[in-house]
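Structure first, then comments.
Because only heavy atoms are used, hydrogens play no part in the values below, and waters and symmetry mates are left out as well, while side chains stay in. Just so we're clear, the structure is a prediction, and the values are computed from it rather than from any experiment.
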Amino acid sequence: MYPYALIDLHCDTLTALGPEDRDLMTAFRDPSRRAAAAGVLAERVRETDTLDLAGRHFSLSTIPEGVHWCQCCAIFLPDGLQKEEAVAYYDLHRGSFYRQMEALQDKVFPCRTAGDIESAWAVGRTAAVLTVENGSALAGRLDRIEVLARDGVRMITLTWNGENEIGSGNVTDHGLSPFGREAVRELERQGILIDVSHLNDRGLSDLLETARKPFAASHSNARSVCGHRRNLTDGQIREMAARRCLIGLNYYNAFLREDGRPAELEDLWRHVERFLELGAEHCLALGSDGDGADLPPGLDSPAKFAGLYQFFLDKGLSQGQAERILWRNALAFFSENLAD
């Protein structure tokens with residue numbers, strides 16, 4: 001038995017079809033082939049319970065018994081979708097999320113608040129929180145934010161790697177657009193958490209000038225430990241800690257170490273140590289990037305995710321510190337920043 005809880009701030013499992021669909025997804029991401037692939041993709045999405053497939057980093061059926069689990073499930077939108085394409089793609093996967101919530105209701109419950117999460121745990125079900133990765137889902141329209149709020153979206157990653165109407169991801173160096181600054185203010189007003197993972201340094205600097213409420217980096221590590229530009233600088237981490245933000249540890253090999261070798265648990269621990277040194281103990285959480293990235297063998301299943309509790313204890317953290325990273329920090333952040 002695992003007498004504790006776990007909150008994972010980011011996985012791509014919802015939009016990740018099986019290996020047999022890899023060619024289909026490749027075709028869809030090619031603008032010249034997208035129209036032909038779209039109908040087939042929609043059919044596959046409507047018939048596949050992506051949240052409960054075998055062999056995944058996350059699967060409802062393989063959550064260890066006794067762990068109270070909360071999974072933030074991202075609708076991931078690839079870069080390059082045009083406005084109406086992005087809306088249609090978002091709508092398709094939003095429909096998939098709620099279809100799966102009904103089909104798998106004996107295992108999972110859709111949640112919008114910290115209270116909902118605790119209620120799901122009380123009846124032995126996994127708590128699922130709907131999020132969005134890539135602000136292209138807004139299609140450059142402020143009124144779309146209210147639509148996403150009604151749909152139950154609780155957090156949105158402003159960009160993916162490239163550019164959209166909000167701003168620029170980590171492969172370019174532009175900051176937030178004027179629309180992006182307006183969107184930040186409207187997202188705060190509508191009660192959708194802002195997620196800065198993937199945002200580049202200039203964009204994050206603009207966000208710090210614009211945001212009035214705490215925000216998250218759902219799946220980002222420490223750049224002083226692994227120099228990838230997707231990770232956070234020491235200064236950014238200190239600022240986020242001062243603002244009572246939330247930072248989810250990412251398990252992706254390339255964000256854990258930069259020499260190209262497979263990462264190990266010790267590499268994750270080096271990031272934990274750095275975050276603690278920078279004063280982020282009450283901001284640190286988990287953000288696996290499951291089913292959207294190449295994870296190391298020691299972190300490639302729900303059982304191994306859950307095993308981080310004992311790993312942290314073995315590394316010398318107190319029970320309270322380990323619990324804060326696994327779930328207490330995230331639950332407190334949701335309680336303070338997600339309105340009923």
Side-chain angles (χ1 to χ4, degrees), residues 1-11 13 51 56-73 107-108 111 114 117-129 216-222 225 241 246-253 255-257 262-291 293 295-335:
M1 297 289 288
Y2 298 76
Y4 53 85
L6 186 152
I7 297 176
D8 182 355
L9 299 178
H10 182 81
C11 78
T13 312
L51 299 177
R56 294 300 189 95
H57 296 147
F58 173 77
S59 176
L60 288 166
S61 293
T62 58
I63 293 174
E65 183 180 355
V67 177
H68 299 304
W69 197 290
C70 172
Q71 186 62 57
C72 293
C73 300
K107 300 175 182 177
V108 66
C111 297
I117 293 169
E118 292 183 284
S119 295
W121 288 349
V123 295
R125 286 191 279 181
T126 295
V129 178
S218 68
H219 54 304
S220 295
N221 292 336
V225 176
L246 190 65
I247 303 170
L249 291 161
N250 190 316
Y251 308 165
Y252 180 30
N253 278 295
F255 300 162
L256 289 172
R257 60 186 302 157
E264 301 176 350
L265 287 175
E266 290 296 328
D267 295 302
L268 183 72
W269 175 246
R270 291 189 300 125
H271 289 271
V272 172
E273 286 186 305
R274 188 59 182 154
F275 279 113
L276 297 181
E277 290 168 357
L278 294 169
E281 179 173 331
H282 292 275
C283 303
L284 195 55
L286 303 178
S288 69
D289 213 357
D291 298 305
L295 306 192
L299 285 168
D300 61 359
S301 72
K304 293 174 182 178
F305 292 5
L308 285 173
Y309 180 72
Q310 187 60 50
F311 174 73
F312 290 153
L313 295 179
D314 292 343
K315 297 302 290 185
L317 294 187
S318 69
Q319 180 178 335
Q321 288 174 312
E323 288 183 351
R324 279 194 285 276
I325 296 173
L326 258 73
W327 65 280
R328 289 192 184 276
N329 285 343
L331 191 66
F333 183 85
F334 290 161
S335 180

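- Taking the side chain as every heavy atom from C-beta outward, L9 and I247 never approach each other to under 4.5 Å.
- Listed by first and then second residue, the salt bridge (charged side-chain N to carboxylate O under 4.0 Å, His left out) pairs that reach into residues 307-316 are E266-K315, sequence neighbours excluded.
- In this structure D267 satisfies the salt bridge (charged side-chain N to carboxylate O under 4.0 Å, His left out) test together with R257, R270, sequence neighbours excluded.
- You'll find the side chain of Y309 reaches within 4.5 Å of the side chain of Q319, heavy atoms only.
- In this structure, Y251 and L308 have side chains that are in contact, with non-hydrogen atoms separated by less than 4.5 Å.
- Every side chain to side chain contact (heavy atoms under 4.5 Å, CB included) that A127 has, sequence neighbours left out, goes to C70, C111, I117, A120, W121.
- Listed by first then second residue, pairs satisfying salt bridge (charged side-chain N to carboxylate O under 4.0 Å, His left out) with a partner in residues 324-335 read E281-R324, E323-R328, not counting sequence neighbours.
- Side-chain contact between L6 and W327 is absent, with no heavy-atom pair separated by less than 4.5 Å.
- Judged by distance alone, the side chain of S288 and the main-chain N or O of H10 form a donor-acceptor pair under 3.5 Å.
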Tell me, with the steps shown, if W69 and I7 meet side chain to side chain contact (heavy atoms under 4.5 Å, CB included). CA-CA 6 Å; W69 197 290; I7 297 176; over 6 Å; no
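- The main-chain N or O of H219 is found under 3.5 Å from a side-chain atom of N250 such that the two form a donor-acceptor pair.
- Between F275 and L249, the closest side-chain pair of non-hydrogen atoms falls below 4.5 Å.
- In this structure, P302 and S59 approach most closely via the heavy-atom pair CG-N, 3.9 Å.
- D291 contributes a side-chain N or O that, together with a main-chain N or O of H57, makes up a donor-acceptor pair within less than 3.5 Å.
- For R125, the salt bridge (charged side-chain N to carboxylate O under 4.0 Å, His left out) criterion is met by no residue, not counting sequence neighbours.
- For F305 and F58, the ring centers are positioned 6.0 Å apart or more.
- Counting heavy atoms from C-beta outward, L246 and L284 have side chains that stay 4.5 Å or more apart.
- In this structure, E273 has no salt bridge (charged side-chain N to carboxylate O under 4.0 Å, His left out) partners at least two apart in sequence or on a different chain.
- Of all the heavy atoms in A306 and Y4, the pair that sits closest is O-OH, 2.6 Å.
- Between the Q321 side chain and the S318 main chain, a donor and an acceptor come within less than 3.5 Å of each other.
- The shortest non-hydrogen separation linking A330 to A285 is CB-CB, 4.4 Å.
- Here E264 contributes atom CD and L299 contributes atom CG; the two are 11.0 Å apart, rounded to the nearest 0.5 Å.
- For the atom pair OH (Y252) and CG (N221), the distance works out to 12.0 Å, reported to the nearest 0.5 Å.
- Looking at every heavy atom in both residues, L295 comes nearest to N253 through C-ND2, 3.6 Å.
- Between W269 and F312, the ring-plane angle classifies as tilted under the 30° and 60° cut-offs.
- Across every non-hydrogen atom of R274 and V225, the tightest pair is CB-CG2, 3.6 Å.
- Distance check, rounded to the nearest 0.5 Å: CZ of F333 to SG of C283 gives 9.0 Å.
- Side-chain polar atoms of T126 and K107 form no donor-acceptor pair below 3.5 angstrom.
- Shortest non-hydrogen contact noted between I63 and V67 is CG2-O, 4.2 Å.
- To the nearest 0.5 Å, the span separating CD on Q71 from CG on L286 amounts to 10.0 Å.
- Within the 4.5 Å cutoff, side-chain heavy atoms of P296 are placed close to those of L256.
- Using a 4.5 Å heavy-atom cutoff, the side chains of E118 and L331 are in contact.
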